[in-house]
Structure formats: C-alpha cells, structure tokens
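Just below is one structure, and these are the notes that go with it.
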Amino acid sequence: MLLVDMSNELSGRVAIVTGGASGIGAASAALLAAAGAAVIVADLQPARGRSDGSRDGPGRFVAHDVASEDSWKSLLADVFAREGRLDIMVNNAGISGGPGNIETTTVENWQKVQAIDSEGVFLGSKYAIEGMKRTGPGKPTIKGSIVNVSSIAGLVGGAGPTAYTAAKGAVRLLSKSVALYCAEQKYDIRCNSVHPGGVDTAIFNPLWQAMGHEQGKAFIGARHPIGRPGNWAPPRISSRSTSSRSRAGRPPSPPRRRNSALCTGS
Amino acid sequence: MRNSIEDCTLAEYRRINDINSLGTFLGCKSAIGAMKAAGGGSIVNISSVLGLRGAAYAMAYCASKGAVRTLTKNVALHCAQMKYNIRCNSVHPGYIDTPMIAPRLEQNAGNMTGRQALEELHPLGRLGRPEEVAAMILFLLSDESTFSTGSEFVCDGGLTA
C-alpha cells in the first residue's frame, strides 16, 4: 500500500519494464501504471492470461528478448510508433542460470547467464538513452530514469550461482558508468541499480523444484536477518477516488518534489 | 578508446567481458582443480578501481571489473565451505605505469599532458609502479595473509579514499 499519493507522479510518462510479465517486473509495472505512466511490459511471454483472454497485469505486452539487439531495435520502434516517447526504463529481466559454483559452472552456462543478465542490461541501458534522446532532443531537455535490477549477489559472494554473481557485479558497475556518462553529457538521465535479496518469484523455480516450494522459501528466508524472503505481489492500489467527490472544494495538491531527483549512480 | 554506453557495441562489450571476466572465471576454475591436488593455494584476481567506481568512458571495462570483484567473493566462499584451503582475493589497482595506459598518456587534456591528468586523479600525485601492485599480490599469495579471503585489496594512491 503506497503511503504517499503517487497517482499523478508519472502521468504522461512512458515506461518499459523488461521481464515485466511476472515477479518484481510485474510489481514494478503495476506501481508505474498506478502512478500514471503508460507501461510497456517487455517479456518473452505474456503473464498468465485470465479465462476471458485478458492479461493478468497492467500495461501493454510486447514480446522481447533482452539478449537480442534486433529485439531492442524492434521494441523501441514499436514504442515510438504507439506511445511516441520513452521516459523510464526498468532493466529487470534476468535468469539465475540454475545452481552452479565455480567448479560446476560450464562456459556455456556462464555465457547464457551473461547474455541475459549483463549484456541484456547493457543493451537496455543503451537503447534507453537512445529512446530518451529521441523523446527530448537537445540538451538539457533530454530526461529520463533508468533502473537496473542487480541483486545482493552483485554485492556479496554467497548469495547466488557463480555466473549470476559475476553478471550482477557487472550490472552494479555498468549502472555507475552510465550514470556518470549521462551526467557528464548533461543529459538529465539518471541511472541507478537496485539490489534485491531473495524474493519469491519465478527466478527461484529451479530451486523450488529441487527442494519444494515451502522448504525452499524457508531456506531462503533463513538466510535473511529479517527471517523471510521478500514479497513481490503488486500492492493493492486503493481505488479511493481523488476526484472532487472526496476532496470537495479543495484544489489538487501540488506535485511533491521527488526525493530521488538527486539520486544517480547509486 | 572512449567506450561509453553510447559508443560501445555489443561485440565490444562481449569481447572486454570475455577477456576480463570469463578469463578470470576460467583461471579460477583451472586453479582450483590444480590446487585441490596440491592441498591448497591462493588465487589473486586483478580487478581495478574501476571495479569499485564507475567511469563514463570505460563502461565495459567497469562492468568486467565489477564482475571480477563479486566473482572473487563467490569463489572464496565456495573454497572455504568446501574446506579446500584455497583463498581467493581481488586486487584493485589505480592507474599503474604499464603499457595498458600508454594511449591515455598521449591524450592531452587542456594544458595538462595525459600523464599529468592521470597523476592528478591520485591523492599521492603520481601513477603506481608495477612492483607496488606486485608486492600486494605477493602478500596475498603468501602466508602473510592466511586469514584473508573474499576481500578487496586496493592499491590506488588514495584515488578511492
């Protein structure tokens, strides 16, 4: 449940969320939509559909493979044809690659994980900037925000498989370099990385299959001081109206100064 | 040379990460195989200050060195858990006077030479010498450092202080 009324925070903005059909991506897409953004859910497959044919989640679905540069070009072309601009990129798509330590990880597995978790974020950052420049040509009106989902495995060594740990460390530093470059070019584009711990999403499916879902969650939960994995379920956004009916006579409150406006490279 | 997010191609990103990151992965894998047989050992992976801080024009290099930083910890913890008596640490040099930076020394910046511009990045006011990094590597490979594993050892003239 959002504590602050963000319902107009992102109105008029267009956001792409990769891996947005499930898990953290879906939760992000839901919050972005609730904040007023037009959201494009870019994923290999849409979320599970409901029986009436509608998709289980907000946003417009576009089939996308983050590891393919051609797919990025098509995605951007599609977004510019439909929504006409890009303001926000959430590079969230990722795979664990299955369990693997330094001894058991093969080169093939390493390359598969890097392609999605590292190269996919590199391409996503690159095409984000291209889209944001196309939206607001000429400095300083180029504007946007890129969020790259890294992991605690981008911070510590024992939180994930070997190839995943390396890829998430790459995302951590890539994000800082992108942030510094955009600042130096005087693009008003921020770039930050997010480092989730264990969150109960599809990335853990290999582990849930290996040890059972409940046992797996207990195992992961025990590794966090707080004692449980993180939750991804999109918050129920209050359907309470912000129209004049509930705010009779009062003018709308002015937009809040965003706390994150100074946040880049973090 | 100027490898920013806009300049860098996928092929170049992959090439730099293959050499620096995949190469280190393969080195660790091979080393463990041999060290297990020998009863133990010490692995040193060369990361960089650019594995600690971002750089606008060395984006792929930063990514690759960030990967080495966390890969090192993953290897260290695995070897510790398996009781192999193998340690693994990363070294993070600043700008060291070696052939790798020769092109940068040519890039004059305003009224400073390329060399001066790089020297200025370091509070100690100079570039590092290869033997200064080698001394740290020797420390990590020797019995002087037997309680250190999964750690970051910085040799940067104060650049990241």
Side-chain angles (χ1 to χ4, degrees), chain A residues 67-69 72 100-107 110-111 114-115 118-119 121-123 125-130 133 146 150-185 187 189 191 193 265, chain B residues 2-14 17-18 20-22 24-26 28-33 36 43 47-48 50-82 84 86 88 149-151:
Chain A
S68 157
E69 187 152 25
W72 279 106
N101 58 51
I102 183 63
E103 293 185 272
T104 60
T105 301
T106 62
V107 172
W110 171 278
Q111 289 172 328
Q114 303 311 310
S118 175
E119 293 172 7
V121 178
F122 156 70
L123 289 170
S125 302
K126 188 183 193 37
Y127 283 92
I129 292 170
E130 190 175 294
K133 281 175 79 171
I146 302 169
S150 175
S151 168
I152 42 161
L155 303 173
V156 300
T162 296
Y164 182 84
T165 298
K168 293 302 191 177
V171 168
R172 175 189 186 186
L173 267 295
L174 177 156
S175 303
K176 293 181 191 299
S177 294
V178 170
L180 290 173
Y181 174 77
C182 290
E184 198 244 14
Q185 292 291 308
Y187 302 157
I189 297 173
C191 182
S193 57
Chain B
R2 279 161 67 97
N3 182 268
S4 75
I5 183 67
E6 291 198 279
D7 300 315
C8 189
T9 63
L10 177 58
E12 188 65 3
Y13 184 85
R14 185 175 293 162
N17 278 278
D18 276 353
N20 296 351
S21 175
L22 171 62
T24 302
F25 162 77
L26 291 170
C28 290
K29 199 190 233 308
S30 310
I32 288 167
K36 274 165 73 173
I43 300 169
S47 175
S48 171
L50 295 190
L52 303 173
R53 303 281 185 270
Y57 294 104
M59 182 275 308
Y61 184 85
C62 285
S64 75
K65 293 301 189 175
V68 168
R69 177 186 184 188
T70 46
L71 170 68
T72 296
K73 295 178 195 304
N74 181 270
V75 169
L77 291 174
H78 172 74
C79 291
Q81 279 150 21
M82 299 297 285
Y84 288 158
I86 298 171
C88 185
T149 196
S151 299

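In what follows, chains carry the letters A, B, and so on, assigned in the order in which the sequence lines appear, proteins first and then strands, with residues in each chain numbered from 1. Keep in mind that this is a model prediction, so the values were computed, not measured.
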> For B/H78 and A/I102, which heavy atoms make the closest approach, and how far apart are they?
Replying inline: CD2-CG2, 3.5 Å

> Among B/L71, B/L22, B/V75, which residue forms the greatest number of heavy-atom pairs with chain A at distances under 4.5 Å?
Replying inline: B/L22

> With only heavy atoms counted, which part of B/R14 is less than 4.5 Å from chain A, the side chain, the backbone, both or neither?
Replying inline: both

> By a 4.5 Å heavy-atom criterion (distance strictly below it), what part of A/E103 contacts chain B: side chain, backbone, both, or neither?
Replying inline: both

>> For a quick test of reading the model, state the closest non-hydrogen atom pair linking B/I5 to A/S125 and the distance between them.
In response: CD1-CB, 3.9 Å

>> Would you compute the distance between atom CG of A/L173 and atom CG of B/L50 and round it to the nearest 0.5 angstrom?
In response: 8.0 Å

> Given that the side chain runs from C-beta out, which part of B/L77 has a heavy atom under 4.5 Å from chain A: side chain, backbone, both or neither?
Replying inline: side chain

>> Is there a side chain to side chain contact (heavy atoms under 4.5 Å, CB included) between A/E119 and B/L10? Walk through the geometry before answering.
In response: CA-CA 7 Å; A/E119 293 172 7; B/L10 177 58; 3.9 Å; yes

>> Does the plane of the ring in A/F122 sit parallel, tilted or perpendicular to the ring in B/Y13? Use 30° and 60° as the thresholds.
In response: parallel

> Do B/L26 and A/V107 come close enough that some side-chain heavy atom pair is under 4.5 Å?
Replying inline: yes

> Rounded to the nearest 0.5 Å, what separation is found between the CD atom of B/E6 and the NZ atom of A/K133?
Replying inline: 3.5 Å

> Does B/N74 reach the main-chain N or O of A/N101 with its side chain, forming a donor-acceptor pair under 3.5 Å?
Replying inline: no

> So which heavy atom on B/F25 is nearest to which on A/T105, and how close?
Replying inline: CZ-O, 3.4 Å

> So what's closer than 4.5 Å to chain B heavy atoms on A/Q111: side chain, backbone, both or neither?
Replying inline: side chain

> Measuring heavy-atom distances to chain B, does A/S175 have an atom under 4.5 Å in its side chain, in its backbone, in both, or in neither?
Replying inline: neither

> For B/C8, is it the side chain, the backbone, both or neither that has a heavy atom under 4.5 Å from a heavy atom of chain A?
Replying inline: both

>> For B/T9, which atoms come within 4.5 Å of any heavy atom of chain A: side chain, backbone, both, or neither?
In response: backbone

>> Heavy-atom pairs under 4.5 Å with chain A: which of B/C62, B/G33, B/C79 has the most?
In response: B/C62

> Would you say the side chain of B/S21 lies within less than 4.5 Å of the side chain of A/W110, judging by non-hydrogen atoms?
Replying inline: yes

> In Å, rounded to the nearest 0.5 Å, how long is the span from CG of B/L52 to CZ of A/R172?
Replying inline: 8.0 Å

> Between A/T165 and B/K73, does a side chain to side chain contact (heavy atoms under 4.5 Å, CB included) hold up when you go through it step by step?
Replying inline: CA-CA 9 Å; A/T165 298; B/K73 295 178 195 304; over 6 Å; no

> Which atoms of A/A153 come close to chain B, meaning under 4.5 Å heavy atom to heavy atom: side chain ones, backbone ones, both, or neither?
Replying inline: backbone

>> What's the separation between atom CG in A/L155 and atom CZ in B/R69, rounded to the nearest 0.5 Å?
In response: 8.0 Å

>> So which atom in A/S177 and which in B/G54 form the shortest heavy-atom distance, rounded to 0.1 Å?
In response: OG-CA, 3.6 Å

> Which heavy-atom pair separates B/A55 from A/L180 by the least distance, and what is that distance?
Replying inline: N-CD1, 3.8 Å

> Which atoms of A/T104 come close to chain B, meaning under 4.5 Å heavy atom to heavy atom: side chain ones, backbone ones, both, or neither?
Replying inline: backbone

